[in-house]
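Step one of this worksheet: look at the structure below.
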Amino acid sequence: MNYEPQEIEELSQKAQILTEALPYIKRFSGTTVVIKYGGNAISEGPDSLDSFVEDVVLLNFVGIRVVVVHGGGPQIDALLTRLGHSSSFVGGLRVTDAETLESVKMVLLGQVNPLLVSRINQHGALGVGVSGADGSMVLCQPKSITHGFVGEVIKVDASLLESLLVQGRIPVVASIGVGVDGQMYNVNADLVAAELAGALNAEKLVFLTNVEGIRSDASDPKSLLRQLRAFELQRLLESKAVQGGMIPKVEAALAAIGKGVHSVHLLDGRLPHALLLEVFTDQGIGTMLYG
Ligand SMILES: Nc1ncnc2c1ncn2[C@@H]1O[C@H](COP(=O)(O)OP(=O)(O)OP(=O)(O)O)[C@@H](O)[C@H]1O
Ligand SMILES: [Mg+2]
């Protein structure tokens with residue numbers, strides 16, 4: 001053996017990283033992890049998308065049943081701007097008239113979903129794109145008159161996802177819901193992810209967004225909360241420290257814990273390999289919520 005001391009050091013560091021992952025792989029192999037990939041994280045460019053896809057495929061190859069649910073906020077904004085429409089938000093949810101709903105469907109089903117599926121499938125025929133309307137997976141009713149075609153989930157049927165997971169596939173879910181009358185709805189992807197995580201008895205629900213986690217002061221990055229219990233997060237929500245798109249995310253996180261999901265993680269999906277760092281290392285990198 002004629003390795004330089006520096007080479008030996010580098011090799012041993014690599015081996016250490018791989019062995020640190022071993023207990024986590026043993027613990028989580030065979031469990032279900034639902035990942036919500038936020039539109040804000042997706043829009044950060046090809047590098048962060050590539051690293052996200054590698055992480056998802058790696059989780060699949062170590063035996064974790066991965067379901068991806070995606071958003072598309074900035075992409076929907078871009079299309080609406082091109083069409084000369086504007087959007088308003090109430091309680092962090094996009095007010096959705098008939099024209100906005102058309103744009104939401106176009107972006108989620110025609111742009112973001114096939115992008116993620118095709119990137120995953122660069123690694124093998126794993127990704128299958130579905131929407132919450134497929135197999136009546138996400139059954140909705142209108143949330144309020146103000147919100148228009150925003151759906152409130154009344155029931156989820158995860159049997160379509162189960163059959164894909166049994167085949168070893170990675171379902172990629174667009175957050176469109178359907179009413180009993182066949183009307184399609186725009187449903188916040190965080191809430192869809194939480195419902196599906198509950199229905200699939202998921203071990204974890206991971207939100208990848210464009211902020212490093214939940215802050216106790218929305219405008220102060222130093223106020224990141226690393227670990228908290230559901231009752232503490234409920235208090236934070238009531239204190240108005242949580243605003244905009246973080247409102248449905250926190251509500252979704254609490255709902256998932258209420259449905260028996262063991263832990264919910266919120267992290268910055270723009271950070272390369274954020275998902276692997278959170279799932280497979282001792283420290284974790286974002287906010288972890290547990291019951
Ligand atoms: N207390 C808080 N801590 C952290 N972020 C907060 C807080 N309150 C509000 N926010 C905002 O919430 C945003 C994340 O929600 P947002 O809906 O914009 O993203 P997303 O859900 O990842 O994307 P998409 O809606 O497209 O799926 C952050 O960019 C941040 O500005
Ligand atoms: Mg959002």
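Quick note: numbers below take in every heavy atom, side chains included, and nothing from hydrogens, waters or symmetry partners. Note that the structure is predicted; figures quoted are calculated from it, not measured. Counting convention: from 1, in listed order, for ligands and their atoms alike.
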Around [atom], find the nearest protein heavy atom and jot down its residue, atom name and distance.
atom                    : result
atom 29 (O) of ligand 1 : N210 OD1, 2.6 Å
atom 18 (O) of ligand 1 : N40 ND2, 2.9 Å
atom 5 (N) of ligand 1  : M246 CE, 3.3 Å

Find all atoms of ligand 1 within a distance of less than 4.0 Å from any non-hydrogen atom belonging to [X], and give their numbers and elements.
X    : result
K249 : 15 (O), 20 (P), 21 (O), 22 (O)
G71  : 27 (O)
T209 : 14 (C), 19 (O), 20 (P), 22 (O)
P74  : 26 (O)
G38  : 22 (O), 23 (O), 27 (O)
G73  : 26 (O)
G245 : 15 (O), 16 (P), 17 (O)

- Considering G213, G39, A241, P248, which one's heavy-atom position lies nearest to atom 4 (C) of ligand 1? G213
- Query: Hey, looking at atom 25 (O) of ligand 1, which of E212, R94, R215, K36 has the closest heavy atom?
  - Reply: K36
For residues [X] and [Y], determine if any side-chain heavy atom of one lies less than 4.5 Å from a side-chain heavy atom of the other.
X    : Y    : result
L266 : M246 : yes
E251 : D190 : no
Q234 : E238 : yes
V33  : V206 : yes

- Task: Could you walk me through whether N121 and S118 pass the side-chain contact (heavy atoms from CB on, under 4.5 Å) test, one step at a time?
- Result: CA-CA 5 Å; N121 290 348; S118 67; 5.7 Å; no
- Message: For a quick check under 3.5 Å, do D217 and S223 share a side-chain donor-acceptor pair by atom type?
- Response: no
- For the residue pair E10 and Q6, confirm or rule out a side-chain donor-acceptor distance under 3.5 Å. yes
- Message: For A189, state whether at least one heavy atom is located under 4.0 Å from any atom of ligand 1.
- Response: no
- Whether A41 lies under 4.0 Å from ligand 1, heavy atom: no
- Item | Spacing of SG belonging to C140 relative to CD belonging to E195, to within rounding of 0.5 Å | 9.0 Å
- atom 9 (C) of ligand 1 protein-contacted (non-hydrogen atom, under 4.0 angstrom): yes
- Indicate whether atom 20 (P) of ligand 1 is within a distance of less than 4.0 angstrom of some protein heavy atom. yes
- Query: Do ligand 1 and Y37 have nitrogen or oxygen atoms that lie under 3.5 Å from each other?
  - Reply: no
- Task: For the residue pair Y185 and F149, categorise the inter-ring angle as parallel (less than 30°), tilted (30 to 60°) or perpendicular (more than 60°).
- Result: tilted
- May I have the step-by-step check of side-chain contact (heavy atoms from CB on, under 4.5 Å) for V180 and I154, ending in yes or no? CA-CA 10 Å; V180 280; I154 43 180; 5.6 Å; no
- Query: Counting distance only, does the side-chain N/O of R169 pair as donor-acceptor with the main-chain N or O of A125 below 3.5 Å?
  - Reply: yes
